Amino acid sequence: MTDTLTSPSGGTSETLTIRAPDDWHVHLRDGDMLAFCADYTARQFARAIVMPNLVPPITTEAMGAAYRDRILAALPAGRKFEPLMTAYLTDTIDPEEIASGFKSGVFTACKLYPANATTNSASGVSDVKNIWRVLERMQEIDMPLLVHGEVVSADIDIFDREAVFLDQVLAPVMKAFPRLRVVLEHITTEDSVRFVENGPETIAATITAHHLRIDRNDMFKGGMRPHAYCLPVAKRRLHREALRKAAVSGNPKFFLGTDSAPHQRSDKESACGCAGIFSAPNALESYAQTFDEMGALDRLEGFASEFGPKFYQLPKNEGEAQLRRSPQPVPEIMTADGIEIVPFHGGETMGWIFQPPGV
Ligand code: NCD
Ligand code: ZN
């Protein structure tokens, strides 16, 4: 709902009020980094699907429960936020460990990282056949599978890895497990948009704030731009356009997942820079800016607050979130306790400000 309000100074300002949103894909890290980044997500989102790619990865119910406790302990007193935990699939993970964690409510879903596809994925799955029994069990208990959709073979061009994954891995898995609910995470290509649109009701996709705004040129604008580097890597402009259309389409198969993935500035600005974009501090503002540009602010609520819970079969949040149309300068670098991170939109002035409830 958008309202035009008359401000005391006589001008007008616009606010956008939506049902409290969720982030269906985020990296909250651990230790000092968790302390640095957790509340940026918690202040904007009521719930978040938390990625398990820690060192070591979250592979047991006990590890999932302990990580959930560490996340809650990292938040300021009184913050209402529910971390939804995920299990990291490995070649040897026990299906009963997964099933037990799902039944007890510790795990909401499992995450499939093809081995060595991205940050901390060395213990991921080397061949999807190795987790066939796990997928069988997940289908049986109706536990969602979240997929990092990229093949890793060195002979496949990095810009083609997502499209090849659809054919080589995802289509066969969905054929073998027609009732398994699957989220194709952080899609970056028109091919994935079509795959999800034309697929059965069991497939959905998350779209990040940054893939709606950058294309592959942004990594090379006037020099190498490590802060625009993430995985899956941004593709051609035409793919970005397909993602933007999908996000604002009102199709409930597409919903919000930031993939906010903080790395220390020194780890990004390096001879072998890490993949990941830290979008949590301005995530809703960034999505709002894109939806605004697309003339689709009225579609933001579905994308951010309704379609995710529908797919995950969870209740929608009760509260509200508010965005106000107003210039917001974003710092170039964010610093706390010896950690330096360059946020997404760093150095820009955004057109929206998120207003925490009660302000
Ligand atoms: C993520 C990370 O840093 O953990 N990086 C990224 O570029 N998105 C991992 C991932 O989601 O691929
Ligand atoms: Zn991710």
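Indexing begins at 1, ligand by ligand and atom by atom, following the structure's order. What you see is a predicted model, and the numbers here were worked out from it, not measured in a lab.
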Chemist: Provide the number and element of each atom of ligand 1 under 4.0 Å from a heavy atom of His263.
Modeler: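 The atoms of ligand 1 under 4.0 Å from a heavy atom of His263 are 3 (O).
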
Chemist: Counting each atom of ligand 1 from 1 as listed, which ones have a heavy atom of Asn53 under 4.0 Å away?
Modeler: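 Those qualifying, in numeric order: 2 (C), 4 (O), 9 (C).
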
Chemist: Using 30° and 60° as the class boundaries, would you call the ring planes of Tyr113 and Tyr88 parallel, tilted or perpendicular?
Modeler: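 Rings of Tyr113 and Tyr88: tilted, as their planes differ by 30° to 60°.
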
Chemist: Using a 4.0 Å cut-off to any heavy atom of Gly276, which atoms of ligand 1 qualify?
Modeler: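 Going through ligand 1 atom by atom, the ones under 4.0 Å from Gly276 are 5 (N), 6 (C), 7 (O).
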
Chemist: With heavy atoms under 4.0 Å as the rule, classify the contact between His148 and ligand 1 as side chain, backbone, both or neither.
Modeler: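 Answer for His148: side chain.
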
Chemist: State if Glu150 counts as touching ligand 1 under the rule of any non-hydrogen atom under 4.0 Å.
Modeler: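 No, Glu150 has no heavy atom closer than 4.0 Å to ligand 1.
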
Chemist: Starting from atom 11 (O) of ligand 1, find the nearest protein heavy-atom neighbour and note its residue, name and distance.
Modeler: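 Protein heavy atom with the smallest distance to atom 11 (O) of ligand 1: His27 NE2, 3.1 Å.
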
Chemist: Using the six-membered ring wherever Trp is involved, compare the ring planes of His148 and His186 and label them parallel, tilted or perpendicular (cut-offs 30° and 60°).
Modeler: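 The rings of His148 and His186 stand perpendicular, inter-plane angle above 60°.
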
Chemist: Got a sec: is His186 within less than 2.8 Å of the Zn ion (ligand 2) via an N/O/S atom?
Modeler: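 False for His186.
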
Chemist: Among the clusters formed by ILVMFWY side chains lying less than 4.5 Å apart, do Phe107 and Leu84 turn up in the same one?
Modeler: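 Shared cluster, no.
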
Chemist: Can you list the ligand 1 atoms lying under 4.0 Å from a non-hydrogen atom of Ala261?
Modeler: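 Once the distances to Ala261 are compared, the set is 1 (C), 2 (C), 3 (O), 5 (N).
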
Chemist: Is a side-chain donor-acceptor pair under 3.5 Å present for Asp91 with Asn130?
Modeler: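 Their side chains do contain a donor-acceptor pair, which is all the 3.5 Å distance test asks for.
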
Chemist: Can you pull out the closest protein heavy atom to atom 12 (O) of ligand 1? Residue, atom name and distance to 0.1 Å, please.
Modeler: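 Answer for atom 12 (O) of ligand 1: Thr118 OG1, 2.7 Å.
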
Chemist: Quick one: which ligand 1 atoms are inside 4.0 Å of a heavy atom on Cys230?
Modeler: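 Selected atoms, number and element: 7 (O).
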
Chemist: Return yes when Glu185 approaches ligand 1 closer than 4.0 angstrom through a heavy atom, no otherwise.
Modeler: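 It does not, in that no heavy atom of Glu185 comes within the 4.0 Å cut-off of ligand 1.
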
Chemist: Does the side chain of Gln313 reach to within under 4.5 Å of the side chain of Asp142, using non-hydrogen atoms?
Modeler: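 In short, these two side chains touch, coming nearer than 4.5 Å.
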
Chemist: How close does the nearest protein non-hydrogen atom get to atom 7 (O) of ligand 1, and which residue and atom is it?
Modeler: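 Looking at atom 7 (O) of ligand 1, the protein heavy atom closest to it is Leu231 N, 2.7 Å.
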
Chemist: Would you say the side-chain atoms of Ser192 and Thr189 include a donor-acceptor pair closer than 3.5 Å?
Modeler: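 Thr189 and Ser192 do have a side-chain donor-acceptor pair below 3.5 Å.
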
Chemist: So which N/O/S atom does Asp259 have closest to the Zn ion (ligand 2)?
Modeler: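 Answer by atom name: OD1.
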
Chemist: Pick whichever of Gly257, Ser260, Ala275 has a heavy atom sitting closest to atom 5 (N) of ligand 1.
Modeler: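 It is Ala275 that holds the nearest heavy atom.
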
Chemist: Which bit of His210 is near ligand 1, meaning a heavy atom under 4.0 Å away: side chain, backbone, both or neither?
Modeler: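 Answer for His210: neither.
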
Chemist: At what distance is the nearest protein heavy atom to atom 8 (N) of ligand 1, and which residue and atom is it?
Modeler: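 Nearest protein contact, heavy atoms only, for atom 8 (N) of ligand 1 is Asp259 OD2, 2.7 Å.
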
Chemist: Would you give the length of the straight line joining atom NZ of Lys316 to atom CD of Glu301, rounded to the nearest 0.5 angstrom?
Modeler: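 Taking NZ in Lys316 and CD in Glu301, the distance rounds to 8.0 Å.
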
Chemist: Hey, can you tell me if Phe36 and Phe278 have their rings parallel, tilted or perpendicular (30° and 60° cut-offs)?
Modeler: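 Ring orientation of Phe36 relative to Phe278: tilted.
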
Chemist: Are Arg225 and Asp218 ion-paired here, with the side-chain N under 4.0 Å from a carboxylate O?
Modeler: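 Between Asp218 and Arg225 there is no salt bridge, as every charged N stays at least 4.0 Å from the carboxylate O atoms.
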
Chemist: Tell me whether the Zn ion (ligand 2) has His25 as a neighbour, meaning an N, O or S atom of it below 2.8 Å.
Modeler: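 It does: His25 brings an N, O or S atom closer than 2.8 Å to the Zn ion (ligand 2).
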
Chemist: Measure from the ring center of Trp24 to the ring center of Tyr312 and say whether it is less than 6.0 Å.
Modeler: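 Yes - the distance between ring centres of Trp24 and Tyr312 falls below the 6.0 Å cut-off.
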
Chemist: Side chains of Asn217 and Arg237: any donor to acceptor distance under 3.5 Å?
Modeler: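 Note: Arg237 and Asn217 side chains miss the donor-acceptor criterion.
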
